[in-house]
Amino acid sequence: MVRKLLSLLVLTPLLGIAPAWALAPPNSNDQPGDVAAADPAQGLLLHLPLQGDARDASPAQRPVKAQGAVAWDAPGPQRGKAARFDGRDTALEIASGDVPDLGRGAFSLSVWVDTDAAMKDVPGDIISQYDPAKRRGFHLTLKTNAGVTTTQANFRQLQFGIDDDRLQPWGDCGQPGGVLAFALTAYNGELFAGTCEPGRDQAGHVYRYAGGTRWTDCGSPAPCNAVTALAEFEGKLYAGTGKYRLAGSALAESDNTHRGGQVFRYDADGRWIDCGQLDGVEAIGGMVVYDGRLYAASLYRPAGFFRYDGGSKWTALPTPGARVEALGVYNGYLYATSYDGGHVYRFDGSAWTDCGQLGAAEENTQTYSFAVHRGRLFVGTWRSGRVYHFEDLDRWTDVGRLGEELEVMGMLVHNGRLLAGTLPLAEVYAYQGESQWQRLTQLDHTPEVRYRRAWTMAEHDGRVFCSTLPSGRIYSTQAGTSAMAAGAFPAGWHHVAAVRSDALRLYVDGHLVAESAQLEPGPYNLTSEAPLRIGAGANDHFLGRLSDVRLYGRALSAAEIAALAATR
């Protein structure tokens, strides 16, 4: 398991407050072994200063091809300029024949990264080399997993992962409470679950994962039967509540008659601050951060869509004339699924646009979830059990049905693989490309029920977690090995380093912020025929600025990384 090192990475990026680790001097004891500074050119395989062009300044002088209109006019972290990536189609690429072979050896990445605090897109991939057919390669990325059913599961999370087609068996992580973890999200280096607990004298709770099959009760924000949505916003955890109608999952209705629709902010275990009631809302159906603001929607009729304006104030905004549930962010817009037809809608900050029907209207009567994979927006549906990706308004490409399933629920990209959960068998599938999906497992085996759901997912501690209904249990697996920093990556220029040696290590501004478990000697062979890409990868095109990209064929010491971080 990944060891969480610095919960101080959680900060308030929208206020521009520097985290504690950026203010203290780097710790030369962050990495074991000899930390004496070495020649910065030793083992240098690639060096892209990105000062006005894509030239490789390393001795190898590797040819680099710019894709899309990469801009070279951005102010850099040092004197000079930086490359600006638009998050849509810009990237730099080195052909496979010109990429150094990383094989089974140690290597290091060093790059200056600049992102805006308020974004209308997911941040995207910084550097990657990944072969999806062989499931082999590495990723250095900033992950936002939004629209994983009702929840923003990860937010601006820095991740470094490698894989060589290794997927661990799914493990049982216990039952936090009730029949379902309606929401899962990573926050402050911890995994949180919002539950549905349908008994007359029960209420939805939030739990924090304590490892193994253990969960710590963080309290019940409201008397209704479910916590239906979770999202990190401005460095705080927000929870949306609801009265979930269990008949929609072919279960007996709850005896708890309390309505939900309130939002709360987590202060401490058992302490929740009331942030207001959404007018006329029985249950909150989705929450997401878009352009620096928090938005929420109604799960049930009447349709409702709201913007949080601080304190306990929520401003009612127009709807597209239909309910909007799962809320995602992609290429400048807030996207929404709907239970009132198989359509997807998008919001530009003031008005909605209908993006069209997915497949035939008689086949798809609801849309359920989002994932951004290889620069495209993917959407799950009911009741064809198919996934589509967005091409343009009224243009959707069918990328296949998941087995014989009827509904595609939570989806996200985990270390290069697009995973999706289903109904009625609570199966999990991995996307193989084109229209092919590989069945990985069935998670819920509850007997004598009509529907079993693999409901929602989140990444935490190098693993992907998936909740189920009606067993209420949560399961996890791990593709390859990953190091994942706690908290939202801060806005502005920051130095990032990633090292593969005896473990995977992540550094921000010279400080060690995440470390994987120890790697067995030699099992991960990263030899690949895939190109090396800067500003693109298995998730999305990068949105922001990059400078001084370096690839070393050795493990940099903590002192060397601190020296690189001090060059600003």
Side-chain angles (χ1 to χ4, degrees), residues 1-2 122-126 128-149 151-171 173 181 184-186 191 209 328 369-378 380 387 399 402 408-422 426-433 437-441 443 454-468 474-486 498 504 506 514 516-517 524 537-540:
M1 298 293 286
V2 177
V122 298
D125 295 291
I126 301 169
S128 72
Q129 185 188 23
Y130 184 72
D131 183 337
K134 293 183 178 179
R135 302 185 186 92
R136 174 184 290 179
F138 73 86
H139 319 265
L140 178 62
T141 185
L142 283 173
K143 288 293 293 292
T144 291
N145 292 316
V148 191
T149 55
T151 285
Q152 181 177 271
N154 299 84
F155 184 63
R156 296 174 63 99
Q157 188 171 24
L158 182 66
Q159 302 181 7
F160 174 44
I162 63 173
D163 197 6
D164 187 12
D165 197 16
R166 296 175 179 272
L167 186 67
Q168 293 184 4
W170 288 82
C173 299
L184 292 172
T185 196
L191 179 67
Y209 186 51
S369 54
F370 291 116
V372 181
H373 181 44
R374 302 183 199 169
R376 294 183 179 272
L377 182 68
F378 285 69
V387 173
V399 294
L402 281 61
V408 180
M409 300 204 65
M411 297 193 298
L412 58 71
V413 178
H414 171 60
N415 210 8
R417 309 180 192 217
L418 174 60
L419 305 179
T422 67
E427 295 178 332
V428 179
Y429 288 77
Y431 183 51
Q432 302 291 94
W437 293 81
Q438 177 190 11
R439 180 186 179 276
L440 299 180
T441 191
L443 293 180
W455 189 284
T456 193
M457 298 181 182
E459 291 183 286
H460 165 67
D461 209 18
R463 304 181 68 83
V464 58
F465 291 74
C466 182
S467 67
T468 61
I474 294 175
Y475 297 85
S476 74
T477 188
Q478 177 176 310
T481 298
S482 299
M484 302 169 65
L504 301 187
L506 265 177
S516 75
Y524 286 94
N539 300 284
D540 197 13

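Note that the structure is predicted; figures quoted are calculated from it, not measured. By convention here, the first residue in the shown sequence is residue 1.
- Distance CZ/Arg463 to OG1/Thr481: 10.5 Å, rounded to 0.5 Å.
- To the nearest 0.5 Å, atom CD of residue Gln478 and atom CZ of residue Phe465 are 9.5 Å apart.
- Closest of all the heavy-atom pairs between Leu504 and Ala483 is O-CB, 3.9 Å.
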Give the C-alpha distance, both sets of side-chain angles, the deciding distance and a yes or no for side-chain contact (heavy atoms from CB on, under 4.5 Å) between Lys143 and Phe155.
CA-CA 6 Å; Lys143 288 293 293 292; Phe155 184 63; over 6 Å; no

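- Between Phe160 and Phe138, the angle of the ring planes goes over 60°, which puts this pair in the perpendicular group of the 30/60° scheme.
- For the atom pair CG of Leu412 and NE2 of His373, the computed distance is 11.5 Å after rounding to the nearest 0.5 Å.
- Proximity of a side-chain donor or acceptor of Thr477 to a complementary backbone N or O of Gln168 within less than 3.5 Å is detected.
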Test Met411 against Ser369 for side-chain contact (heavy atoms from CB on, under 4.5 Å), laying out the working first.
CA-CA 7 Å; Met411 297 193 298; Ser369 54; 3.9 Å; yes

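- Here the closest heavy-atom approach between residue Ala479 and residue Asn415 is recorded as O-ND2, 2.7 Å.
- The shortest distance between side-chain heavy atoms of Leu443 and Val428 falls below 4.5 Å.
- For the pair Arg417 and Asp165, the salt-bridge criterion is met [side-chain N within less than 4.0 Å of a carboxylate O].
- Inter-residue side-chain proximity for Ile474 and Leu184 is flagged as met; some heavy-atom pair is nearer than 4.5 Å.
- A side chain to side chain donor-acceptor pair (under 3.5 Å) with Thr456 is found for exactly one of Thr185, Asn145, Thr468, Thr149, namely Thr149.
- Relative ring orientation between His460 and Tyr209 is described as perpendicular, the plane-to-plane angle rising above 60° on a 0-90° scale split at 30° and 60°.
- Across all their heavy atoms, Gly537 and Ser128 have their closest contact at CA-OG, 3.3 Å.
- Inter-residue side-chain proximity for Ser482 and Gln159 is flagged as unmet; no heavy-atom pair is nearer than 4.5 Å.
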Residue pair Leu142, Ile126: steps toward the side-chain contact (heavy atoms from CB on, under 4.5 Å) verdict
CA-CA 7 Å; Leu142 283 173; Ile126 301 169; 4.2 Å; yes

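- Side-chain N/O atoms of Glu459 and His414 include a donor and acceptor closer than 3.5 Å.
- Of the options Arg136, Lys134, Arg135, a salt bridge (charged side-chain N to carboxylate O under 4.0 Å, His left out) to Asp164 is made by Arg136 and by none of the others.
- To the nearest 0.5 Å, atoms NE2 (His139) and CG (Asp125) are separated by 7.5 Å.
- Closest approach of Trp170 to Cys466, counting heavy atoms only: CZ3-CB, 4.0 Å.
- Nearest approach of Ala186 to Asn154, heavy atoms of both residues: CB-ND2, 3.6 Å.
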Go through Leu419 and Val464 one step at a time and tell me if the side-chain contact (heavy atoms from CB on, under 4.5 Å) criterion holds.
CA-CA 9 Å; Leu419 305 179; Val464 58; 3.9 Å; yes

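- Interatomic distance, CG of Asp163 versus CG of Asp131, reported as 11.0 Å (0.5 Å rounding).
- With values rounded to the nearest 0.5 angstrom, Thr141 atom OG1 is found 10.5 Å from Met484 atom CE.
- The two residues Gly421 and Met457 make their nearest non-hydrogen contact at N-CE, 3.5 Å.
- A donor-acceptor contact shorter than 3.5 Å links the side chain of Gln157 to the backbone of Ala485.
- Using a 4.5 Å cut-off on side-chain heavy atoms (C-beta onward), Trp437 and Val387 make contact.
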